[in-house]
Novice: 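Here it is, the structure, as structure tokens.
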Amino acid sequence: MIMLILYRSLFPSKITVDTLFHFHLLHCEIMRATQFHLQKFLKLMSDRFSLSQPKRTISSSSSPRLQSNQKPPIPKTFFKSNSNGALVNLLCKDKKFNEAIEILCEQKRLGEAIQVLDLVDHPNAAMYSTLIQLCLHQRALEEGKRVHNHIKLSSFVPGIFMFNRILDMYCKCGSLVDARNVFDEISERDLCSWNIMISGYAKVGQIKEARHLFDSMPQRDHFSWTAMISGYVRHDRPKDALELYRVMQRHENLNCNKFTVSSALTASAAIQTLHLGKEIHGHILRIGLDSDAVVWSALSDMYGKCGSLEEARHIFDKTLDRDIVSWTAMIDRYFEDGKREDGLSLFSDLLRSGIRPNEFTFAGVLNECADQTAEDIGKQVHGYMMRVGFDLISFAASALVHMYAKCGDIDNARKVFKGMPRPDLVSWTSMINGYAQNGQPHEALQLFELLLKSGTQPDHVTFVGVLSACTHAGLVDKGLEYFHSIKWKHGLTHTADHYACVIDLLSRSGRFKEAEDLINQMPMKPDKFLWASLLGGCRIHSNVELAKRAAEALFVIEPENAVTYVTLANIYATAGKWGEVAKIRKIMDDRGVLKKPGLSWIEIKRKVHVFLVGDSTHPKSREIHDFLGELSKKMKGEGYIPHTDYVLHDVEEEQKEQNLSYHSERLAVAFGIIATPPGTTIKVFKNLRTCVDCHTAIKFTSKIVERKIIVRDSNRFHCFEDGTCSCKDYW
DNA sequence: CTAGGGTTAG
């Protein structure tokens, strides 16, 4: 339609192949253009053609000339023609550089926008301003420096306004050194310059410098105070923040505003002091700031963190102009408090309210799904996100990857990941971890190599995934290589997690000497994860002496954890040291250590079925046990020998006296098989680690019933297929 | 849109 109108108005009497061709080109441009740009484009085109209108009427009789004179000027493409390329080219040809820069900046094409600068003889404040703004927004330090240098070399003399913008840009890009240089260069700093500098320092945690400037500045306004207060809050110094807040209140000429009170509220939430928060709440009511959505959010945050969730909800319900942030905060508050149902129900209220959830909302709900391995809900959220649209470069996208990976749906995780134009480090890490946990350690390592090639800098969390992939793949030396590369190649510091991973790696393969050496020379105290890994390794290789050392360390760190006692007892039992076994039993009784009951669950037709060990409460219990009895016979026929040599079972409270008592995962798997059509993949979740016997039994089961069976235990995913498990018996 | 607050994963 637009094409037709444009065409008629410009070429009322003539259609030639050439003009049609041009219109085809224009059409392509228009189709790519956004609504906003379309208007600009049309205006530009009509300006152009109205100028040459007289010629057009004359030439309507002689078509050849019309074509040569009237050709819409489509110059050689200087700028990428992916969208609005021709428009930008036209604008540049017309020397409308301002507009060209504006359009490129709006499309976040920073590099090209800076290129335009080089075409301009005398760039003006507007151009620089737009560019600096975008650099600031994109946190593009290098580009920002380029523009800054351009300004320095040009004839343009920046005013204080421009200086402050540059200052802010450097601060936001995290380059406080550059910012400080600019700050020191400015001859006539205004209050704003000081405030930008202070908040720059405060934001990155250089509180000392911030405070120094704050103390030495000629005069302060509420911006200065608030910047300082929020700096303290952000960097874990809530007490200093509240102290400053109190001092500020004593200055009568200073008004607390919504920014100040929200920071103060965050501070009292951080030290979990309800009465202080209530005091500030009173203050807020007195000065009438209670209608602000952000203040509300801080208020509800404070009440939530100080243990008054109902009060938080009460305030939430009373707030009239709740924005999406308030909703998100309230929903997440429920999740934090373990109230998944309340959180989800508020989320569905939100969907009904018509307010569009943002990336944070999606991320919050998806992360909850990931924690709960609620893939079903996660998928629904994903579907909703597809309908309303979401940014593929956002928390939400990486939360999706995380959710699928955590739920063991590695295919969907990969699909989302592949769809991301520029996956962030968190997505890479989730994906690597996902592969590692889902029995695809080689894919995990391949992906890590891809990450390095992409130029993204891995961090300490990424290496946890990499090291655990090596562990799962049994690649001990490769793992050690990666471990050392953390320091010498990537300049990162080893964390306790890295040490725990390497100890896991070494002790699983029985290289205890190296493991001990490493423990003795590590710079921090070994944590419980490290000792637990070591203990696990000792169990595999029956290393009684070292197991004792590891267990003793664990008894100090977490005396209440039954797993340690049970594992140690098992190691003693395997070594035939029954006296020691009895001792441990006694210690457990004396200390009142209770074993965590093992439970497994399976979701079928949106209903979750939970099983305890030896459970017979399920309505289909009879069928389940009958099925397991039949299965047991077939398994024995195939060569299955039950593992009953462990006196104290791994982690579950159970006596394996008769075959009638099955571990919860066996029951869940059995139920899955009888409740679904042949061939359906069974997916079972378990809160504890699965035991050797069940692991073997499920391997047989997968072969006998010809099903893919996925069991996610507390450690990892096991994917059983045709008699083997993806973990290759290494877990 | 010259400075400031709340949600923030692996």
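In the text below, chain A, chain B and the rest are named by the order of the sequence lines, each starting its count at 1. Note that the structure is a prediction, hence the values are computed from the model and not measured.
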Novice: Hey, can you tell me if A/Trp225 and A/His251 have their rings parallel, tilted or perpendicular (30° and 60° cut-offs)?
Specialist: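 Plane angle between 30° and 60°, so tilted.
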Novice: Considering only heavy atoms, which members of residues 438-455 of chain A lie under 4.0 Å from some atom of DNA chain B?
Specialist: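 DNA chain B contact set from residues 438-455 of chain A: none.
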Novice: What does nucleotides 5-10 of chain B look like as a protein-contact string, B for base, S for sugar-phosphate only, - for none, at under 4.0 angstrom between heavy atoms?
Specialist: BBBBBB
Novice: Let me know which of A/Lys339, A/Glu341, A/Glu368, A/Arg313 forms a side-chain hydrogen bond (donor to acceptor under 3.5 Å, both in side chains) with A/Tyr334.
Specialist: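 Exactly one option meets the side-chain hydrogen bond (donor to acceptor under 3.5 Å, both in side chains) with A/Tyr334, and it is A/Arg313.
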Novice: What class does the angle between the rings of A/Phe483 and A/His494 fall in, given that below 30° is parallel, 30 to 60° is tilted and above 60° is perpendicular?
Specialist: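 Ring orientation, 0 to 90° scale: parallel.
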Novice: Apply salt bridge (charged side-chain N to carboxylate O under 4.0 Å, His left out) to A/Lys108 and list each qualifying residue two or more places apart in sequence or on a separate chain.
Specialist: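 Per chain and number, A/Lys108 pairs via salt bridge (charged side-chain N to carboxylate O under 4.0 Å, His left out) with no residue.
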Novice: In whole angstrom, what separates A/Met169's CE from B/dA3's C1'?
Specialist: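 Rounding to the nearest Å, CE of A/Met169 and C1' of B/dA3 are 15 Å apart.
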Novice: Rounded to whole angstrom units, what separation is found between the OH atom of A/Tyr201 and the C1' atom of B/dG4?
Specialist: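 After rounding, the reported distance stands at 18 Å.
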Novice: Write down the distance between CG (A/Asp168) and P (B/dT2), rounded to a whole number of angstrom.
Specialist: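 The answer, rounded to whole Å, is 10 Å.
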Novice: Could you list the residues that satisfy side chain to side chain donor-acceptor pair (under 3.5 Å) with A/Thr471, not counting sequence neighbours?
Specialist: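 Listed in chain order: nothing, the list is empty.
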Novice: Hey, could you give me each pair passing ring pair (Phe, Tyr, Trp, His ring centres under 6.0 Å) that has a residue in residues 395-434 of chain A? Not counting sequence neighbours.
Specialist: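 Listed once each, the pairs are A/Phe360-A/Phe395, A/His382-A/Tyr404, A/Phe417-A/Trp428.
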Novice: Hey, can you pull the residues of residues 207-216 of chain A with a non-hydrogen atom under 4.0 angstrom from DNA chain B?
Specialist: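 Nucleic-acid contacts, sorted: none.
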Novice: Which whole-number value in Å describes the distance from A/Phe223 CZ to B/dA3 C1'?
Specialist: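 Distance, rounded to whole Å: 5 Å.
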